[in-house]
Amino acid sequence: MPDYFVHESSFVDDGAEIGAGTKIWHFCHIMPRSRIGEQCNIGQNVIVSPDVVIGRNVKIQNNVSVYTGVVVEDDVFLGPSMVFTNIINPRSHISRKDEFKTTIVRKGASVGANATIICGITLGKYCFVGAGSVVTRDVPDYALVYGSPARLHGWICQCGEQLEFTEKDGVERALCKNCGDAYRKQDQAVVPEGSVS
(Lines give C-alpha, C1' and ligand atoms only; values in the text may rest on other atoms or scores of the structure.)
Protein backbone atom coordinates (compact mmCIF):
# COMPACT_ATOMS: atom_id res chain seq x y z
CA MET A 1 0.00 0.00 0.00
CA PRO A 2 1.58 3.34 -1.05
CA ASP A 3 2.11 6.07 1.54
CA TYR A 4 0.80 8.74 -0.86
CA PHE A 5 -2.64 9.42 -2.41
CA VAL A 6 -3.53 9.15 -6.10
CA HIS A 7 -7.08 9.85 -7.26
CA GLU A 8 -8.63 6.98 -9.21
CA SER A 9 -8.86 9.14 -12.37
CA SER A 10 -5.09 9.72 -12.45
CA PHE A 11 -2.25 7.61 -13.84
CA VAL A 12 1.15 7.00 -12.29
CA ASP A 13 3.46 5.19 -14.70
CA ASP A 14 5.89 2.49 -13.61
CA GLY A 15 9.24 3.97 -12.68
CA ALA A 16 7.85 7.21 -11.22
CA GLU A 17 8.90 7.96 -7.64
CA ILE A 18 6.46 9.67 -5.28
CA GLY A 19 7.25 10.78 -1.74
CA ALA A 20 5.28 10.02 1.40
CA GLY A 21 2.27 12.20 2.09
CA THR A 22 1.98 13.54 -1.46
CA LYS A 23 -1.52 13.94 -2.90
CA ILE A 24 -2.22 13.64 -6.64
CA TRP A 25 -5.72 14.76 -7.57
CA HIS A 26 -8.06 14.27 -10.56
CA PHE A 27 -6.95 13.61 -14.17
CA CYS A 28 -3.18 13.78 -13.61
CA HIS A 29 -0.47 11.84 -15.42
CA ILE A 30 2.83 11.17 -13.66
CA MET A 31 5.24 9.77 -16.23
CA PRO A 32 8.16 7.32 -15.90
CA ARG A 33 11.40 8.39 -14.22
CA SER A 34 9.82 11.51 -12.74
CA ARG A 35 10.53 12.12 -9.05
CA ILE A 36 8.12 13.90 -6.73
CA GLY A 37 9.13 14.62 -3.13
CA GLU A 38 7.24 14.26 0.13
CA GLN A 39 4.17 16.26 1.16
CA CYS A 40 3.46 17.69 -2.30
CA ASN A 41 0.00 18.62 -3.54
CA ILE A 42 -0.58 18.03 -7.26
CA GLY A 43 -3.80 19.68 -8.45
CA GLN A 44 -6.25 18.58 -11.12
CA ASN A 45 -5.11 17.98 -14.72
CA VAL A 46 -1.35 18.15 -14.06
CA ILE A 47 1.21 16.35 -16.22
CA VAL A 48 4.68 15.56 -14.87
CA SER A 49 6.91 14.45 -17.74
CA PRO A 50 9.78 11.92 -17.66
CA ASP A 51 12.92 12.89 -15.71
CA VAL A 52 11.29 15.89 -14.01
CA VAL A 53 12.46 16.43 -10.44
CA ILE A 54 10.06 18.01 -7.93
CA GLY A 55 11.18 18.68 -4.36
CA ARG A 56 9.39 18.48 -1.03
CA ASN A 57 6.24 20.44 -0.09
CA VAL A 58 5.62 21.71 -3.63
CA LYS A 59 2.13 22.98 -4.49
CA ILE A 60 1.18 22.57 -8.16
CA GLN A 61 -2.21 24.05 -8.95
CA ASN A 62 -4.65 22.90 -11.66
CA ASN A 63 -3.73 22.64 -15.35
CA VAL A 64 0.07 22.80 -15.11
CA SER A 65 2.37 20.74 -17.36
CA VAL A 66 5.83 20.20 -15.91
CA TYR A 67 7.93 19.20 -18.92
CA THR A 68 11.18 17.24 -19.16
CA GLY A 69 14.05 19.55 -18.27
CA VAL A 70 12.29 21.26 -15.36
CA VAL A 71 13.74 20.98 -11.84
CA VAL A 72 11.56 22.27 -8.99
CA GLU A 73 13.15 22.63 -5.56
CA ASP A 74 11.41 22.47 -2.15
CA ASP A 75 8.52 24.71 -1.04
CA VAL A 76 7.69 26.03 -4.52
CA PHE A 77 4.21 27.25 -5.51
CA LEU A 78 3.16 26.86 -9.17
CA GLY A 79 -0.09 28.76 -9.80
CA PRO A 80 -3.08 27.64 -11.87
CA SER A 81 -2.45 27.19 -15.59
CA MET A 82 1.12 28.54 -15.48
CA VAL A 83 3.25 27.28 -18.37
CA PHE A 84 6.72 25.78 -18.67
CA THR A 85 8.45 25.25 -22.00
CA ASN A 86 11.48 23.11 -22.84
CA ILE A 87 12.37 23.99 -26.44
CA ILE A 88 13.27 27.46 -27.78
CA ASN A 89 12.39 26.80 -31.43
CA PRO A 90 9.80 24.00 -31.65
CA ARG A 91 8.65 22.61 -34.99
CA SER A 92 6.12 19.82 -35.39
CA HIS A 93 8.09 18.18 -38.20
CA ILE A 94 11.51 18.27 -36.43
CA SER A 95 12.33 16.17 -33.38
CA ARG A 96 14.30 18.23 -30.86
CA LYS A 97 14.17 15.94 -27.84
CA ASP A 98 17.96 16.12 -27.57
CA GLU A 99 17.72 19.93 -27.29
CA PHE A 100 15.57 20.22 -24.14
CA LYS A 101 16.79 23.10 -21.99
CA THR A 102 16.97 22.95 -18.19
CA THR A 103 14.74 25.28 -16.21
CA ILE A 104 15.36 25.51 -12.45
CA VAL A 105 12.84 26.80 -9.93
CA ARG A 106 14.72 27.46 -6.68
CA LYS A 107 13.48 26.84 -3.15
CA GLY A 108 10.45 28.83 -2.05
CA ALA A 109 9.71 30.50 -5.40
CA SER A 110 6.11 31.34 -6.34
CA VAL A 111 4.80 31.54 -9.90
CA GLY A 112 1.43 33.23 -10.42
CA ALA A 113 -1.53 32.00 -12.45
CA ASN A 114 -1.10 31.94 -16.22
CA ALA A 115 2.56 32.98 -16.14
CA THR A 116 4.81 31.57 -18.87
CA ILE A 117 8.38 30.53 -18.10
CA ILE A 118 10.63 30.36 -21.18
CA CYS A 119 13.00 27.39 -20.92
CA GLY A 120 16.64 27.53 -19.95
CA ILE A 121 16.34 30.04 -17.11
CA THR A 122 16.51 29.97 -13.31
CA LEU A 123 13.89 31.40 -10.98
CA GLY A 124 15.74 32.41 -7.81
CA LYS A 125 15.03 31.48 -4.21
CA TYR A 126 11.79 32.94 -2.84
CA CYS A 127 11.23 35.03 -5.95
CA PHE A 128 7.68 35.95 -6.90
CA VAL A 129 6.47 35.92 -10.52
CA GLY A 130 3.24 37.86 -10.98
CA ALA A 131 0.17 36.38 -12.65
CA GLY A 132 0.20 36.49 -16.44
CA SER A 133 3.90 37.32 -16.71
CA VAL A 134 6.17 36.09 -19.49
CA VAL A 135 9.57 35.33 -17.97
CA THR A 136 12.36 35.40 -20.56
CA ARG A 137 15.48 35.64 -18.37
CA ASP A 138 16.82 34.59 -14.98
CA VAL A 139 15.05 36.00 -11.92
CA PRO A 140 17.21 36.89 -8.87
CA ASP A 141 16.59 35.52 -5.38
CA TYR A 142 13.81 37.43 -3.54
CA ALA A 143 12.87 39.40 -6.67
CA LEU A 144 9.34 40.49 -7.49
CA VAL A 145 8.84 40.39 -11.26
CA TYR A 146 5.81 40.82 -13.46
CA GLY A 147 4.78 41.93 -16.92
CA SER A 148 5.40 40.80 -20.47
CA PRO A 149 8.29 40.48 -20.63
CA ALA A 150 8.68 40.24 -16.85
CA ARG A 151 10.72 43.05 -15.26
CA LEU A 152 12.00 43.64 -11.75
CA HIS A 153 9.50 45.67 -9.68
CA GLY A 154 10.86 45.15 -6.17
CA TRP A 155 11.94 42.61 -3.61
CA ILE A 156 9.95 40.20 -1.50
CA CYS A 157 10.40 38.47 1.86
CA GLN A 158 10.34 34.72 2.35
CA CYS A 159 6.89 35.19 3.91
CA GLY A 160 5.59 36.84 0.71
CA GLU A 161 5.46 40.50 1.77
CA GLN A 162 7.11 43.20 -0.34
CA LEU A 163 10.25 44.71 1.18
CA GLU A 164 11.06 48.43 1.46
CA PHE A 165 14.79 49.20 1.53
CA THR A 166 16.39 52.24 3.11
CA GLU A 167 20.04 53.25 2.93
CA LYS A 168 22.19 53.97 5.99
CA ASP A 169 25.98 54.26 6.05
CA GLY A 170 26.14 53.07 2.45
CA VAL A 171 24.19 49.86 3.08
CA GLU A 172 20.59 49.25 1.96
CA ARG A 173 18.55 47.26 4.46
CA ALA A 174 14.93 46.17 4.86
CA LEU A 175 12.92 44.77 7.75
CA CYS A 176 9.79 42.82 6.81
CA LYS A 177 6.72 44.50 8.31
CA ASN A 178 4.95 41.15 8.52
CA CYS A 179 7.46 38.66 9.97
CA GLY A 180 10.37 40.86 11.05
CA ASP A 181 13.04 39.15 8.93
CA ALA A 182 15.93 41.43 7.95
CA TYR A 183 17.54 41.71 4.50
CA ARG A 184 20.29 43.71 2.85
CA LYS A 185 21.09 44.61 -0.75
CA GLN A 186 24.58 44.08 -2.06
CA ASP A 187 25.78 44.15 -5.65
CA GLN A 188 22.18 44.39 -6.92
CA ALA A 189 21.21 41.23 -5.04
CA VAL A 190 19.14 40.72 -1.89
CA VAL A 191 20.27 38.39 0.86
CA PRO A 192 18.93 37.68 4.36
CA GLU A 193 20.78 39.71 7.00
CA GLY A 194 23.55 37.65 8.54
CA SER A 195 24.04 35.36 5.53
CA VAL A 196 27.46 34.99 3.96
CA SER A 197 27.66 35.87 0.29
Side-chain angles (χ1 to χ4, degrees), residues 1-88 90 92 95-135 139 141 145-146 150 156 158-160:
M1 187 90 177
D3 52 2
Y4 54 84
F5 169 80
V6 179
H7 189 269
E8 62 185 12
S9 64
S10 291
F11 293 94
V12 176
D13 290 341
D14 290 341
E17 298 176 24
I18 300 170
T22 287
K23 294 181 173 69
I24 298 169
W25 294 100
H26 304 65
F27 314 119
C28 294
H29 187 184
I30 312 302
M31 300 180 80
R33 302 183 313 279
S34 58
R35 292 182 294 165
I36 300 173
E38 298 177 351
Q39 303 299 321
C40 292
N41 193 66
I42 311 296
Q44 179 174 297
N45 195 38
V46 169
I47 295 172
V48 179
S49 292
D51 304 310
V52 163
V53 177
I54 296 172
R56 186 180 195 286
N57 193 41
V58 172
K59 307 292 188 279
I60 303 178
Q61 302 301 298
N62 296 351
N63 307 313
V64 175
S65 296
V66 188
Y67 294 120
T68 301
V70 175
V71 176
V72 179
E73 295 185 352
D74 297 346
D75 302 324
V76 165
F77 177 88
L78 301 176
S81 301
M82 62 79 51
V83 176
F84 286 109
T85 65
N86 62 4
I87 292 289
I88 290 291
S92 176
S95 177
R96 292 204 159 105
K97 291 182 180 177
D98 59 344
E99 297 177 29
F100 289 163
K101 296 195 176 296
T102 300
T103 299
I104 300 172
V105 185
R106 296 286 186 208
K107 178 180 173 69
S110 292
V111 180
N114 292 303
T116 298
I117 311 301
I118 301 302
C119 59
I121 66 171
T122 296
L123 303 182
K125 289 187 301 185
Y126 298 100
C127 74
F128 198 101
V129 176
S133 298
V134 178
V135 182
V139 176
D141 295 349
V145 300
Y146 53 85
I156 201 152
Q158 287 186 22
C159 76

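Quick caveat, the model's predicted, so the values are computed rather than measured.
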4.5 Å side-chain heavy-atom contact, Ile60 and Ile54
yes
Straight-line distance of Ile87 CD1 to Asp98 CG, nearest 0.5 Å
8.0 Å
For Phe100, enumerate each residue passing the ring pair (Phe, Tyr, Trp, His ring centres under 6.0 Å) test, keeping only those at least two apart in sequence or located in another chain.
none
Find the distance between NZ (Lys101) and CD1 (Ile121) and round it off to the nearest 0.5 Å.
12.5 Å
How long is the span from the NE2 atom in His26 to the NE2 atom in His7, to the nearest 0.5 Å?
3.0 Å
Just by distance, do the side chain of Ser65 and the backbone of Ile47 share a donor-acceptor pair under 3.5 Å?
no
Quick one: ring-ring contact (aromatic ring centres under 6.0 Å, His included) pairs with a partner in residues 101-129, sequence neighbours left out?
Tyr126-Tyr142
Residue set satisfying side-chain hydrogen bond (donor to acceptor under 3.5 Å, both in side chains) with Asn63, at least two apart, ordered chain then number -> Asn45
Enter the distance from Ile24:CD1 to Ile36:CD1 here, rounded to the nearest 0.5 Å.
4.5 Å
Which heavy atom in Gly108 sits nearest to a heavy atom in Val76, and how many Å separate them?
N-CG2, 4.0 Å
Exercise: identify the closest heavy-atom pair between Gly130 and Tyr146
CA-CB, 3.9 Å
Asp141: partners by salt bridge (Lys or Arg N to Asp or Glu O under 4.0 Å), with sequence neighbours left out:
none
Can you give me the closest heavy-atom contact between Cys28 and Ser10, atom names plus distance?
N-OG, 2.8 Å
Let me confirm one number: the CZ-CG distance from Arg96 to Asn86, rounded to the nearest 0.5 Å.
12.0 Å
The criterion is side chain to side chain contact (heavy atoms under 4.5 Å, CB included); which residues satisfy it with Lys59, sequence neighbours excluded?
Asn41, Asn57, Gln61, Phe77
Find out whether Cys119 and Ile88 are in side-chain contact, i.e. whether some heavy atom of one side chain is under 4.5 Å from a heavy atom of the other.
yes
Check side-chain hydrogen bond (donor to acceptor under 3.5 Å, both in side chains) between Ser81 and all other residues, then give those that pass, not counting sequence neighbours.
none
Where at least one partner belongs to residues 47-56, residue pairs that pass salt bridge (Lys or Arg N to Asp or Glu O under 4.0 Å), sequence neighbours excluded:
Arg33-Asp51, Glu38-Arg56
With Gln44 via side-chain hydrogen bond (donor to acceptor under 3.5 Å, both in side chains) - residues at least two apart
none
By side chain to side chain contact (heavy atoms under 4.5 Å, CB included), which residues pair with Tyr4, not counting sequence neighbours?
Pro2, Val6, Ile18, Thr22
Report the distance from atom CD1 of Ile104 to atom OG1 of Thr122, rounding to the nearest 0.5 Å.
4.5 Å
Could you pull out all residues at least two apart from Asp13 that satisfy side-chain hydrogen bond (donor to acceptor under 3.5 Å, both in side chains)?
His29
If the condition is ring pair (Phe, Tyr, Trp, His ring centres under 6.0 Å), which residues does Phe11 pass it with, not counting sequence neighbours?
none
Could you check Glu73 against Arg106 for salt bridge (charged side-chain N to carboxylate O under 4.0 Å, His left out), going step by step and ending with a plain yes or no?
CA-CA 5 Å; Glu73 295 185 352; Arg106 296 286 186 208; 2.7 Å; yes
For Met82 and Val111, which heavy atoms make the closest approach, and how far apart are they?
CE-CG1, 3.7 Å
For Thr103 and Gly120, work out which heavy atoms get closest and say how close.
OG1-N, 3.0 Å
Could you report the tightest heavy-atom contact between Cys40 and Gly55, atom names first, then the distance?
SG-O, 3.0 Å
Keeping the roles fixed (side chain from Ser9, backbone from Phe27), state whether a donor-acceptor pair exists under 3.5 Å.
yes
Selection residues 107-119 - residue pairs positive for side chain to side chain donor-acceptor pair (under 3.5 Å), sequence neighbours left out:
Asp75-Lys107
